[in-house]
Amino acid sequence: MLRRLTALGLGLVLLAGCGTEGLRETPAEPGATSPATVEITMADAQAAFDGLGDLSDAWKDRDCAEIEQLTTGVESTIGSRLCAADRSPGPTAYRDPEFLLPGREDGEDGAWFAVLARKPEPAYFVFVRADGRWRLGAGPIPLVGKAPDVGGGADGEVIDAAADPDAAVGARLAPTRHVAFLTDPAGVGGDGVSGVRFASGDPMRRLLVELVRAPGRVRPDHLSTDVRIEGPARALALPGGGSLVFHALRVVFTQKPGSGRSSLGHPRYRAADVRAFTGGAATTVTGGEILVLATRVAKDATMTTVGMRRVLADITKGSGQGSG
């Protein structure tokens, strides 16, 4: 079960390490085999937002250890490399958040909630309970389309996708179907062999075109691409079927000089970025770009990108990808 709550003027949608206040765990009945049910209260979510500026301050100070403490999942993966490379200005202030608070049944760690912040530009955030504190797991994920209505009655109750058989399968398969689409060159014309479809104008269609054309644009260099799932997906059920899925992908580019050449003719990444991540120059480089996504999966399994953030998260020397 999930409750939808709105709070205006809460400022930066980040997080606070707030102990265990606001998180209630109801033990299972004696003799029951199901795990305890965790209820995330409004006080819990409010406390996460009361840490206004903590993460922003850590980025300003380049306090990598603090950034690690305040993030988890994909944001921890991104932050650890960007902070070390001194390549990010840190998060922007957000306000007018709407809280989406799902109940969980897997104990305190793993509990999560989402936020849709309306200003300055609409964006989703996902917070995850890890190691006894709330951490930013994903976000901001700027909207690139219309935010789907998560529904709910007078008290805003809706269903977690994991608890809805009609939504659970599509939500679980969404990252895998993204990978199938983005590794299917025939999909550029809209009729790929993967069977996965995105509407014309969807960012995934544009990304597929980019991936297919990228090797030709750097010739005589050699460029290979790979798409991988990055971390777990979390999802909310939508009224009438389908789900809103928060997930991430890693797009890996490996570029090396063409035959008989000792340097890249058309480097994909700027020399300054290569130096920042690797400490020097490199002949063969591998870059990891992370897509943090909010995807609407319709009842008929059609997928629509509603939120997307693309980050250059890592560059390594050679053909290996250390963070993949």
Side-chain angles (χ1 to χ4, degrees), residues 12-15 17 48 54-56 58-59 64-85 87-92 94 100 102 104 109-117 123-131 133-144 161-162 171-179 182 203-204 207 226-236 243-253 277 286-297 303 305-316 321-324:
L12 183 65
V13 183
L14 290 173
L15 67 163
D54 285 356
L55 186 56
S56 181
W59 275 107
C64 298
E66 182 67 5
I67 292 170
E68 183 177 355
Q69 285 295 311
L70 297 174
T71 58
T72 189
V74 67
E75 290 304 322
S76 179
T77 299
I78 293 171
S80 62
R81 292 297 291 140
L82 291 186
C83 184
R87 304 310 287 173
S88 175
T92 303
Y94 285 82
L100 308 172
R104 297 283 292 184
D109 279 357
W112 69 280
F113 66 91
V115 174
L116 174 58
Y124 284 107
F125 295 79
V126 177
F127 295 87
V128 180
R129 188 81 178 179
D131 298 325
R133 67 187 301 167
W134 287 105
R135 303 170 188 249
L136 182 63
I141 311 173
L143 258 65
V144 295
R172 185 171 63 251
L173 294 179
T176 303
R177 298 179 74 230
H178 272 80
V179 172
L182 293 173
M204 290 301 106
L207 178 58
D226 188 20
V227 183
R228 309 169 186 172
I229 295 172
E230 184 79 14
R234 295 178 173 87
L236 310 177
S243 57
L244 174 62
V245 187
F246 305 106
H247 60 116
L249 303 172
R250 180 184 289 264
V251 183
V252 181
F253 296 91
F277 283 103
T286 297
E289 301 179 18
I290 292 183
L291 305 177
V292 191
L293 300 164
T295 301
R296 178 172 186 164
V297 182
M303 297 195 298
T305 305
V306 297
M308 176 175 171
R309 171 165 136 251
R310 185 172 179 176
V311 183
L312 174 58
D314 197 14
I315 298 176
T316 57
Q321 178 60 29
S323 301

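Each residue takes its place number in the sequence, starting with 1.
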(request) Output, in order, the C-alpha distance, side-chain angles, deciding distance and verdict of side chain to side chain contact (heavy atoms under 4.5 Å, CB included) for R135 and Q69. (result) CA-CA 7 Å; R135 303 170 188 249; Q69 285 295 311; 4.0 Å; yes
(request) Verify side chain to side chain contact (heavy atoms under 4.5 Å, CB included) between L143 and L116, making sure each step is shown before the conclusion. (result) CA-CA 9 Å; L143 258 65; L116 174 58; 3.8 Å; yes
(message) Assess the residue pair V252 and T286 against the criterion (side chain to side chain contact (heavy atoms under 4.5 Å, CB included)); give the C-alpha distance rounded to whole Å, side-chain angles, the decisive distance to 0.1 Å, and a yes or no.
(response) CA-CA 7 Å; V252 181; T286 297; 3.5 Å; yes
(message) Using side chain to side chain contact (heavy atoms under 4.5 Å, CB included), reason through H178 and I229 one step at a time and then give a plain yes or no.
(response) CA-CA 9 Å; H178 272 80; I229 295 172; over 6 Å; no
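Contact record, W112 with A235: CZ2-O, 3.8 Å, taken as the closest heavy-atom pair. Nearest approach of V292 to A138, heavy atoms of both residues: CG1-CB, 4.0 Å. Nearest approach of G79 to I67, heavy atoms of both residues: CA-CG2, 4.4 Å. In this structure, A313 and I78 approach most closely via the heavy-atom pair CB-CG1, 4.4 Å. For A294 against Y124, the heavy-atom pair with the smallest separation is CB-CD1, 4.0 Å. Between G137 and V74, the shortest heavy-atom contact is O-CG1, 3.0 Å.
Under the salt bridge (Lys or Arg N to Asp or Glu O under 4.0 Å) criterion, R177 pairs with no residue, sequence neighbours left out.
Counting heavy atoms of neighbouring residues, nucleotides and ligands inside a 6.0 Å radius, atom CD of E66 exceeds 12 of them.
A distance of 6.5 Å separates CG in L100 from CZ in F246, rounded to the nearest 0.5 Å. Taken to the nearest 0.5 Å, the CZ atom of F253 stands 10.0 Å off from the CG atom of L312. Summarising the geometry, atom OG belonging to S80 is positioned 8.0 Å from atom CG belonging to D314; distances are rounded to the nearest 0.5 Å. Atom CG of L182 sits about 6.0 Å away from atom CE of M204, to the nearest 0.5 Å. Residue D131 holds its CG atom at 7.5 Å from OG1 of T72, rounded to the nearest 0.5 Å. To the nearest 0.5 Å, atoms CZ (R250) and CD (E289) are separated by 10.5 Å.
At distances below 3.5 Å, at least one donor-acceptor pair connects side-chain atoms of R309 with backbone N or O atoms of P140. Using a distance-only test at 3.5 Å, with no hydrogens or angles considered, a donor-acceptor pair links the side chain of E75 to the main chain of G139.
Note: F113 and F127 have parallel aromatic rings, judged against thresholds of 30 and 60 degrees for the angle between ring planes.
Side chains of L70 and R133 form a contact here, defined as non-hydrogen atoms less than 4.5 Å apart. Using a 4.5 Å heavy-atom cutoff, the side chains of L82 and F277 are in contact.
Of the listed residues (I141, L249, V144), just one forms a side-chain contact (heavy atoms from CB on, under 4.5 Å) with L293, and that residue is L249.
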